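Have a look at the structure below before the remarks.
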Amino acid sequence: MATKIFLNLPFKDLNRSIAFFTQLGFSFNPKFTNEKGTCLVIGENSNVMLLVEEFYKTFTKKEICNTATTSEVIISIAVETREQVDEMIEKVIKAGGSEYMKVQDYGWMYHRTFLDMDGHHWEVFFMDETQMPQMN
């Protein structure tokens, strides 16, 4: 069995979050969906559980961070072209999210960042690994 990853994020309004990510072109796994949360499918083995804050709190003793002032995670999604990066950001803005930082273009890697409507930090990037400089 392939290793799968499930990130868990708290959201204030599940239906609003589902609508937002649906507008970005993502789908959800109905087997992991109810009124407390849903499973956003990023890829075959990559998922993000969008959990209502009260339900999220049952998994931790820590406080949920204030995403307006604190960064808890940056979720990065690789796409196949630079154009897909730009298309995703256009969808984000149309769906009610916001672009967070200026475009980063290193030639071999191109990325843009956005905040969803609950302030979670996401990156969308294209990387041409054949052009990537050696890391020493």
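Note that the structure is a prediction, hence the values are computed from the model and not measured.
Note that CD1 of Ile89 and NE2 of His111 are 11.0 Å apart. Values are rounded to the nearest 0.5 Å. Here OG of Ser71 is found 12.0 Å from CG of Asn66. Values are rounded to the nearest 0.5 Å. Taking CG from Leu7 and CD1 from Ile42, the interatomic distance works out to 8.0 Å, rounded to the nearest 0.5 Å. How far CG of Leu115 is from NE2 of His121: 6.5 Å, rounded to the nearest 0.5 Å. Here the CZ atom belonging to Phe126 is positioned 9.5 Å from the CD atom belonging to Glu80, to the nearest 0.5 angstrom. Atom OG1 of Thr113 is separated from atom CD of Gln104 by 8.0 Å, given to the nearest 0.5 angstrom.
Between Trp108 and Thr130 there is no side-chain heavy-atom pair separated by less than 4.5 Å. Using a 4.5 Å cut-off on side-chain heavy atoms (C-beta onward), Thr22 and Phe28 make contact.
Both Phe114 and Leu9 belong to a common hydrophobic cluster when Ile, Leu, Val, Met, Phe, Trp and Tyr are linked at side-chain heavy-atom distances under 4.5 angstrom. When the side chains of ILVMFWY residues are joined at heavy-atom separations under 4.5 Å, either directly or via intervening members, Trp122 and Phe125 end up in two distinct hydrophobic clusters. Criterion: ILVMFWY side-chain heavy atoms under 4.5 Å apart, direct or through other members. Under it, Ile18 and Val48 are part of a common hydrophobic cluster. Under the 4.5 Å side-chain heavy-atom criterion for grouping Ile, Leu, Val, Met, Phe, Trp and Tyr, Leu40 is not connected to Tyr56 through any hydrophobic cluster. At a threshold of 4.5 Å between side-chain heavy atoms, the hydrophobic network of Ile, Leu, Val, Met, Phe, Trp and Tyr places Val124 and Met101 in two separate groups.
Checked against Tyr110 for a side chain to side chain contact (heavy atoms under 4.5 Å, CB included), the options Val79, Thr81, Asp86 give a single hit: Asp86.
For residues 37-55, every residue pair satisfying the side chain to side chain donor-acceptor pair (under 3.5 Å) rule, not counting sequence neighbours, is listed here: Lys12-Glu53, Thr33-Thr38, Glu54-Lys57.
Aromatic ring centres of Phe55 and Phe59 lie closer together than 6.0 Å.
For Phe20 against Gly97, the heavy-atom pair with the smallest separation is CE1-N, 3.3 Å. The shortest non-hydrogen separation linking Gly96 to Met117 is O-CG, 3.5 Å. The shortest non-hydrogen separation linking Glu35 to Val52 is O-CG2, 3.6 Å. Considering all non-hydrogen atoms of both residues, Gln23 and Lys94 come closest at OE1-O, 4.1 Å. Taking every heavy atom of both residues into account, Leu24 and Ala95 meet most closely at CD2-CB, 4.4 Å.
Looking at His120, its side chain never comes within 3.5 Å of a backbone N or O of Glu72 through a donor-acceptor pair.
Dense packing is recorded around CZ of Phe26, with more than 12 heavy atoms of other residues, nucleotides or ligands lying under 6.0 Å away.
For Ser17, the side chain to side chain contact (heavy atoms under 4.5 Å, CB included) test picks out Phe11, Leu50, Asp118, with sequence neighbours left out. Remark: Glu99 engages Arg112 in a salt bridge (Lys or Arg N to Asp or Glu O under 4.0 Å) (not counting sequence neighbours).
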